[in-house]
Amino acid sequence: MRAEVLRPSTAVHDRGSANPPVAFADISRLVRPHRVAVVGASDRPGSLGYSTYHNVRDNSVIADGAVPVNPGYETVLSDRCYPRVSDVPGDPIDVAIVLVTAERVPAVVKDCAASGVRYLVVLSSGFSETGAAGRGLQAEMVRLARAAGMRVYGPNSPGLANIADRVLLSMSPVAGSDVTSGPVGLVTQGGGLGRALMQWMDRGLGIGLWCSQGNEADLDIADFINHMVDDDRIRVIGAVVEGFSQGRKFLEVARRAREAGKPIVILKIGRSEYGEKTAASHTASIAGNDAVTSAVFAQYGVVRVNDVDELGETLHLFSRALAVTDRDVTRTCVYSFSGGTAALAADLVGGAGLQLAVFEPGTLAALVARAPAFGFVDNPVDLTTRVFTDADLNRAVFELICHDPNVGSVLFAMPADYGESTVAVSRDAVEIAQATGTLLIPVWMSPRRGGGYQVLDAAGLAPMDGVYRAVQALRRFAEWRGSAGTDPADPAGMTGPPGLLGATPGPALATSERALTYEQSRELLSAAGVRVPRESFVTSARGAAEAAERIGGPVVMKLSAPGLIHKTEVGGVRLSIRGGEQAGAVFAEMASPGRLASFGIEADGVFVQEMVPDGLDLLVSVHDDEVFGAVLTVGAGGVATEVERDVVHLAIPFTGEELLRALRGLRLWPHLAGFRGQPGCDLSVLASVADAIAEVYLAQAPALAELEINPLRVIAGVGQTSCVALDIVALRP
């Protein structure tokens, strides 16, 4: 069956406590307050109390102004200073910025609660980041605030900066230099990295709102992304994330962002964290948190990058590419005046799975007529150094390229600075790209930033530092725009070094005290319509012989013992047994107490099963990811599951399209889809098995921690019999 017949919907839905409803905080008055108090304001230059109050008072536009609060001062910056927020006369305070020591914060919270403050921005440190005592103090702060209807931003935060509305609730002494507003929203779980990204403003990156919420005691990353999704001025959202306090809440806002056409680009720290090497199930041994994170990002169209520079450059390209509405910017032309540079860039474009634009015949004929005979113009375009001696060459050729309807973007790679000549070609490129609506992606490869660089920078087109990063940013945009950011060759959205993709697997544990019996596990899925083999449970050699004769043909014999979940680890699976005599002998040997003593198990019987025809063995399982909740895993199954490590993950619920897109990311996809004249598998039946295992898991939650079919034998052809669950494991929490 061809891949496209996979149905577009799924029966999997949120259910019960497995996926509770998601609610987002309204933070509109936090980022646009009418009146702000700074608790801990100081008149001492160089102190955080001084820089914070200076930012709120002098670097912000706040309708009813700022008020200093500190019992140690009568005035701060010539403004009357009050001992407590409750002493401040006039209209209520929307936001109280708190700078006092951690142990004094609860008293401030109580005072603010009595005064009708709506939000607390707690910049103070000394809370959950310091240990158990700090966690207790943080919990008490949140309890007091929420009881009074207040929301808490922080603690341990550098503040926030609403550049679009000029509201700087920040302790930074350099916040006043953040003046380049634009279509990017930024959320960072680290003040230092956030500040580094804010300074990409100096490279022309327009940031409308930056939130760095510290410990996320109350408001979290999803609340701020949700606000950015609803803000028409924000078109692309960037984030630096160390972890998700509420993974399901993040997925819901990621869904909202995708539906709104607003890409989320994330630098997720923690790529090298491995899952357990030895675990009770195959799923737990290979699912590693980071692998699940990357897969779920791809499912929800979240773009993942690897470092701060990539994040800055990708945000820059996305914010510009989204503004080009009438062209396909992924159809690019590589343009240079260096043959080697043009060839390098074209090679990287091809290696990233992108395509060079194909010129219209008229464009190509005009280029051949105008360009030097020793250059090349059939994309990539290399004008050679003739561009510096022929005054009109660059403008003539660049206009031809940008007017070609097949060209959506131009990757303009400049290998070196050539003084005024580079200035001239850069000025031409800017003028023509702007006039024609073509996305210009300049790359400045030289460490010497001459006049040409300054021309591009002044036009808001600060060049990228390398061709590779430029191509990767364009690739990410193409993937995001195409679907959910999944490249069939790279389902996680970005391939990392081999050492970061997973540790060498250790053996799976053969037994687990958390395991349901095989009969209980089998009944869960067979009742949901998943086909299982015909089989009999026997407790003697005679019973095995009779069962084999009754089933007929070759049979499989599988050992049964309390808690036994990986039978092959103890030699507990025998294939192609024929006839009663052989079955009886195999029973006696397989279930022998002497043989099993070294494994620490005692058999209670053997299952005799029909021998299912050869096919492709898959793993299909669901487990509870500690961040994102119920997650489906599908991939290579059987005894080589951990060795192959060819799996994909999907957060539940998932759609048919998402399942198909994930399956295409498997190395074994050609075997599923069919290739070289070989028939494929019935993907609609495979989808029904995925639906069933997800439904059963959610229906049983939280009584089940994991539910696994391994192997699921997938047989070429069409119909319900094309997928058979040969072994099933269910684990309690």
Side-chain angles (χ1 to χ4, degrees), residues 274-288 502-525 532-533 535-545 547-548 555-577 582-609 617 619 621-624 633 637-645 700 703-711 725-733:
Y274 300 127
E276 293 292 332
K277 296 180 182 178
T278 303
S281 76
H282 291 297
T283 301
S285 70
I286 63 175
T504 301
L509 297 177
T511 61
S512 172
E513 294 180 352
R514 298 189 292 123
L516 276 63
T517 66
Y518 170 71
E519 295 98 317
Q520 291 171 322
S521 303
R522 178 192 61 199
E523 181 58 28
L524 286 173
L525 287 176
V532 296
E535 61 188 1
S536 293
F537 178 71
V538 299
T539 58
S540 67
R542 179 178 177 179
V555 297
V556 178
M557 296 180 65
K558 297 181 178 179
L559 190 70
S560 174
L564 180 62
I565 54 177
H566 295 313
K567 302 172 183 65
T568 56
E569 302 292 334
V570 297
V573 178
R574 306 296 168 85
L575 307 176
S576 300
I577 308 301
Q582 186 181 8
V586 168
F587 180 98
E589 187 274 333
M590 181 190 294
S592 166
R595 189 185 78 83
L596 296 177
S598 62
F599 298 108
I601 62 174
E602 183 176 343
D604 57 21
V606 168
F607 285 94
V608 181
Q609 292 182 340
D617 284 347
L619 164 76
S621 68
V622 181
H623 77 286
D624 183 34
T633 297
V639 296
T641 296
E642 291 96 339
V643 176
E644 293 293 333
R645 299 177 75 79
Q700 297 291 324
L704 279 186
E706 298 177 28
L707 183 59
E708 173 182 291
I709 305 172
N710 189 24
L726 301 187
D727 203 2
I728 301 169
V729 172
L731 296 177
R732 304 180 188 91

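This one's a predicted model, so the numbers in the text were calculated from it and none came from an experiment. For this chain, numbers begin at 1 and follow the sequence in order.
With salt bridges taken as basic N to acidic carboxylate O contacts below 4.0 Å, one links E535 and R522.
Take D624 and apply the side chain to side chain donor-acceptor pair (under 3.5 Å) test, not counting sequence neighbours, and it matches no residue. In this view, E602 satisfies the side chain to side chain contact (heavy atoms under 4.5 Å, CB included) rule with no residue, not counting sequence neighbours. Considering only residues two or more places apart in sequence or on other chains, T568 meets the side chain to side chain contact (heavy atoms under 4.5 Å, CB included) condition with V573, V639. Under the side chain to side chain donor-acceptor pair (under 3.5 Å) criterion, S521 pairs with no residue at all, not counting sequence neighbours. Remark: E589 pairs with R574 by the side chain to side chain donor-acceptor pair (under 3.5 Å) rule, at least two apart or across chains. Every residue two or more places apart in sequence or in another chain that forms a side chain to side chain donor-acceptor pair (under 3.5 Å) with T517 is listed here: Q520. Qualifying ring-ring contact (aromatic ring centres under 6.0 Å, His included) partners for F607, counting only residues two or more places apart in sequence or in other chains: Y518, F537. Listed by chain and number, the residues in a side chain to side chain contact (heavy atoms under 4.5 Å, CB included) with A603 are L559, A591, L596 (sequence neighbours excluded).
Heavy-atom minimum distance, P533 versus A725: CD-O, 3.2 Å. The minimum heavy-atom distance linking F587 with A544 is given by the pair CB-CB, 3.9 Å. Contact record, V555 with A548: CG2-CB, 4.2 Å, taken as the closest heavy-atom pair. Contact detail for A561 and D604: the closest heavy-atom pair is N-OD1, 3.7 Å. Across all their heavy atoms, V606 and M590 have their closest contact at CG2-SD, 4.2 Å.
Summarising the geometry, atom CD belonging to E519 is positioned 12.0 Å from atom CG belonging to L524; distances are rounded to the nearest 0.5 Å. To the nearest 0.5 angstrom, L516 atom CG is 9.0 Å from L707 atom CG.
Looking at L525 and V532, their side chains never come closer than 4.5 Å, going by heavy atoms from C-beta outward. Taking 4.5 Å as the limit, every side-chain heavy atom of V608 sits out of range of all side-chain heavy atoms of I577.
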Give every donor-acceptor pair under 3.5 Å between a side-chain atom in residues 726-733 and any protein atom, sequence neighbours left out.
from : atom 1 : to   : atom 2 : distance (Å)
D727 : OD1    : K567 : NZ     : 3.3
D727 : OD2    : K567 : NZ     : 3.1
R732 : NH1    : A515 : O      : 3.4

